[in-house]
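As structure tokens, the structure follows; a few thoughts come after it.
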Amino acid sequence: MTSSPVIEIEPLTRHIGARVTGIDLRQELDPAQIATLRRAWLDHIVLVFPGQELSQEDLLRVTGYFGTLGKLSRPAEFRPSGFARLLPNIMLISNIRENGQTIGALPDGEMMFHHDMIHAEKPHDATLLYSVEVPTHGGNTLFASGDAAYDTLDPAVRDRVEGRRARHHYNYGSTQRGDSRGIAAFAESTHPAFRTHNETGRKAVYVNRLMTVGIEGLDQAESDDLLLKIWDHSEKPEFVYEHVWGVGDLLIWDNRCSTHARSDFPSDQRRLMLRTTVEGTRIPE
Ligand code: SIN
């Protein structure tokens with residue numbers, strides 16, 4: 001009888017990220033393996049599975065280990081036309097252009113820190129990103145721990161914001177605040193500015209530089225000042241793991257307690273990622 005290899009989980013930084021090896025995600029996992037991965041994900045916020053060789057079916061199956069597959073809510077013009085075979089609810093993130101059109105969303109360059117879909121009523125719990133083509137340099141994805149940022153936030157700032165809600169707004173396709181490439185606002189939402197995680201019970205900063213436009217109950221000048229302080233604190237290098245992509249890397253991040261950003265990359269090099277999500281729920285106060 002052959003025993004399956006032991007799953008190794010190695011933290012990548014003090015606050016966020018772990019590399020997972022000893023696992024081939026082409027194979028169906030058993031309940032004990034799934035429980036190990038889910039525990040590691042809650043503990044480390046971001047899991048990195050280097051060098052996997054996944055089909056789209058594999059990606060959808062792995063997504064299901066972490067919850068209910070999220071439905072794509074993008075408008076039709078963001079659906080790629082040039083990709084030969086794309087299964088439902090997989091989104092392309094890519095700068096590749098065919099007939100002058102990009103085949104994926106979020107095509108070019110640097111992107112500010114954000115929580116995915118925070119502008120929606122029920123932002124999703126997790127995002128998975130699988131790399132198919134990567135540039136020779138740049139296009140790294142940076143992840144910041146909202147838990148660590150909250151725990152170490154200046155009490156004077158924290159106390160002004162504690163218990164308040166923040167407003168979020170997003171123009172689809174924007175990678176920078178006020179970016180004119182985004183299309184007209186798709187949605188606005190409000191959520192607690194500090195979010196309690198429904199599984200770990202930990203509190204995390206839940207505002208971000210790309211999409212948060214104000215804190216309710218404060219005048220705009222004070223709200224702007226506090227938000228700037230929170231963003232500058234949350235994005236400090238000690239709270240961040242920066243992932244340099246190799247082909248075949250699969251990452252999953254917990255969108256409830258982290259933000260992510262992307263570094264710039266050469267526009268004449270191809271970058272292609274497959275992305276799925278795990279549905280979230282309405283966020284309690
Ligand atoms: C995203 O924000 O979902 C995409 C991040 C990336 O392209 O690295």
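Read the numbers this way: they start at 1 and go in the same order the structure lists the ligands and their atoms. Since this is a predicted model, take the numbers as computed values, not measurements.
- Remark: His124 engages no residue in a ring-ring contact (aromatic ring centres under 6.0 Å, His included) (not counting sequence neighbours).
- Not one N or O on the side chain of Gln52 forms a donor-acceptor pair closer than 3.5 Å with the backbone of Leu250.
- A side-chain donor-acceptor contact under 3.5 Å links Arg61 to the backbone of Leu25.
- Protein residues with a heavy atom under 4.0 Å from ligand 1 are Ile93, Leu106, Met111, His114, Asp116, Leu129, Thr141, His260, Arg262, Arg271, Arg275.
- Of the possible donor and acceptor atoms, none in the side chain of Asp249 sits under 3.5 Å from a partner among the backbone N and O of Pro50.
- The other residues sharing a hydrophobic cluster with Leu153 are Tyr150, Val157, Val161, Phe194, Val205, Val207, Ile215, Leu218, Leu226, Leu227, Leu228, Ile230, Trp231, where clustering joins ILVMFWY side chains under 4.5 Å apart.
- Qualifying ring-ring contact (aromatic ring centres under 6.0 Å, His included) partners for Phe66, counting only residues two or more places apart in sequence or in other chains: Trp41.
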